[in-house]
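Here's the structure we're looking at; comments come further down.
All chains are named by letter (A, B, ...) in the order of the sequence lines, taking the proteins before the strands, and each is independently numbered beginning at 1.
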There are 2 protein chains.
Amino acid sequence: MARRGEVLEFAVLGLLNESPQHGYELRKRLNAVLGSWHSISYGSLYPTLRDLVGRGLIIEDQPAPNEPGAKAGPAAPALAGRRAKIAYRLTADGKEHFQQLLGDAGPAAWEDDRFGVHFAFFSDTAADVRLRILEGRRTRLEERMATLRSGLTRTRERVDSYTLELQQHGLDGVEREVRWLSELIATEQDNRGPRDGAPTNESDQGAQRLGRSATGNRPSAPTAR
Amino acid sequence: MARRGEVLEFAVLGLLNESPQHGYELRKRLNAVLGSWHSISYGSLYPTLRDLVGRGLIIEDQPAPNEPGAKAGPAAPALAGRRAKIAYRLTADGKEHFQQLLGDAGPAAWEDDRFGVHFAFFSDTAADVRLRILEGRRTRLEERMATLRSGLTRTRERVDSYTLELQQHGLDGVEREVRWLSELIATEQDNRGPRDGAPTNESDQGAQRLGRSATGNRPSAPTAR
DNA sequence: GTTAGCATGTAAGGAGTTACATGATTTT
DNA sequence: AAAATCATGTAACTCCTTACATGCTAAC
């Protein structure tokens, strides 16, 4: 069944949940959401869209041509013609499916590849789910930190300096990630702190002031060090 | 021609350049060298080995049945039998090819995927090549930093806080990477500073004291170094 | 004498990319 | 009218993983 990439699928549903769009537009937004690292290509996007259509999660919204002539319609100005833009939007099933994905706070949500997408749609995610994902992610990274650290103390003096440097740099990176998550978690807890567990409303506050105050990194001028 | 992954191939050649090994061992070392992130599977490794054999870069060294090949193991296993371990080692061609890969300081060497492997074998790399790779890498990342920054100032206030936070975090990460590279570059230049351009010897000093002195991150004692 | 771990391999397929092919719209 | 850019799509291929299949050796 072609089982197209789950991350890509999730991201597409999320973007279409915000507003209907056509493929070309979608791709650009996608590359922003999924980070600057790996950029999705059309050869990947369009088959995914077709797959989602096939499963009834999205539908193609062909902006009504003047004459729905399948082939030979005369090109009316603006948005008619034989090869019009295809705007995709979520079906009811698609919305439901997306909400279900959003609600998933299980281990899958804090894997390396998945976490980014989940985070990208945190504004649409329930506060408690956000918190559990952040904490799960942090635990996962703390485990990795422990592994890296023991690896480092074991191999110290046994490998050359560059390898050591690389491993240390990797460890530093993970530590930085953990600090970041801890800040986010603290912010989340602060914001729901006094008000107790009751969620205020659907897309609640809490995202409004993730002030990047005393982070520790980025001390002053960014480039001119 | 099956053109197996270039990174994997490079790493295998590099490890076999250090010492002949068999596949199982190789895989573990590989996962250390390539970082904890993506771990190579046998389904990937063995075909690569076969490919390298086919191209005459490595050969299979089947240890003679009742002659143990001086295995430096916990105990001395008398290994015999029809299905013995296959130790791979570089041929003359393989050594030459690896040296050629090591000498490449071109753009390919500072791509995301390639840089790590190049760095892992820096001890075997000429000092000037090291420097050019580090500087190229830094330039690449500075470009990315600029892109991210302009993206951030453009979209600020237009996207939700979580997306912003994610983008800012990504930018911070790249900045950190650039600082790291700058330190490494400074160290490299210090070490060859007085002595001018003449390389001292094959696997020269310079890697010996990459002191992670005043890095700025890792404020206190991480492991008790 | 059976479990656990070492060791080598293969077949199928997943997740994407590149390169190509085409057409529509806007800008110069 | 040419060029650039927007827009959609396909075929072939790459690189890697999963799951399987096999057999050897050490330890309990």
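Residues from residues 41-50 of chain B with heavy atoms under 4.0 angstrom of DNA chain C, sorted by number: B:Y42, B:G43, B:Y46, B:R50.
Using a cut-off of 4.0 Å between Lys/Arg side-chain N and Asp/Glu carboxylate O, A:R176 and A:D172 are scored as not salt-bridged.
Listed by chain and residue number, nothing satisfies the side chain to side chain donor-acceptor pair (under 3.5 Å) test with A:E60 (two or more places apart in sequence, or in another chain). Considering only residues two or more places apart in sequence or on other chains, A:E96 meets the salt bridge (charged side-chain N to carboxylate O under 4.0 Å, His left out) condition with none of them. For the side chain to side chain donor-acceptor pair (under 3.5 Å) test, no residue two or more places apart in sequence or in another chain qualifies with A:Q21. Contacts of B:E135 classified as side chain to side chain donor-acceptor pair (under 3.5 Å), with partners at least two apart in sequence or in another chain: none. Scored by the salt bridge (charged side-chain N to carboxylate O under 4.0 Å, His left out) test, A:R89 finds A:D61 as partners (sequence neighbours excluded).
In this structure, A:I40 places its CD1 atom 17 Å from C1' of D:dG9, rounding to the nearest Å. Rounded to whole Å, atom C1' of C:dG14 lies 11 Å from atom CD of A:E6. Between the CG atom of A:D113 and the P atom of D:dC16 there is a distance of 16 Å, given to the nearest Å. One atom, CG of B:D51, and another, P of C:dG9, lie 14 Å apart when rounded to the nearest Å. Taking atom CG of B:D112 as the reference point, atom P of C:dT17 lies 14 Å away to the nearest angstrom. Atom CG in B:D61 sits about 17 Å away from atom C1' in C:dT8, given to the nearest Å. Rounded to whole Å, atom C1' of C:dG23 lies 13 Å from atom CD1 of A:I86. Between the P atom of D:dT8 and the CG atom of A:L30 lies a distance of 13 Å, rounded to the nearest Å.
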Check the interface with nucleotides 3-6 of chain C: list each N/O to N/O pair with the protein under 3.5 Å, or write none.
{"from": "C:dC6", "atom 1": "OP2", "to": "B:Y24", "atom 2": "OH", "distance (Å)": "3.0"}

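Among residue pairs with one or both ends in residues 12-21 of chain B, those qualifying as salt bridge (Lys or Arg N to Asp or Glu O under 4.0 Å) are B:E18-B:R29; sequence neighbours excluded. For residues 122-144 of chain A, every residue pair satisfying the ring pair (Phe, Tyr, Trp, His ring centres under 6.0 Å) rule, not counting sequence neighbours, is listed here: A:F119-A:F122, A:F122-B:Y162.
Side-chain atoms of B:H97 and B:Q100 form no donor-acceptor pair, as typed in the model, at a separation below 3.5 Å.
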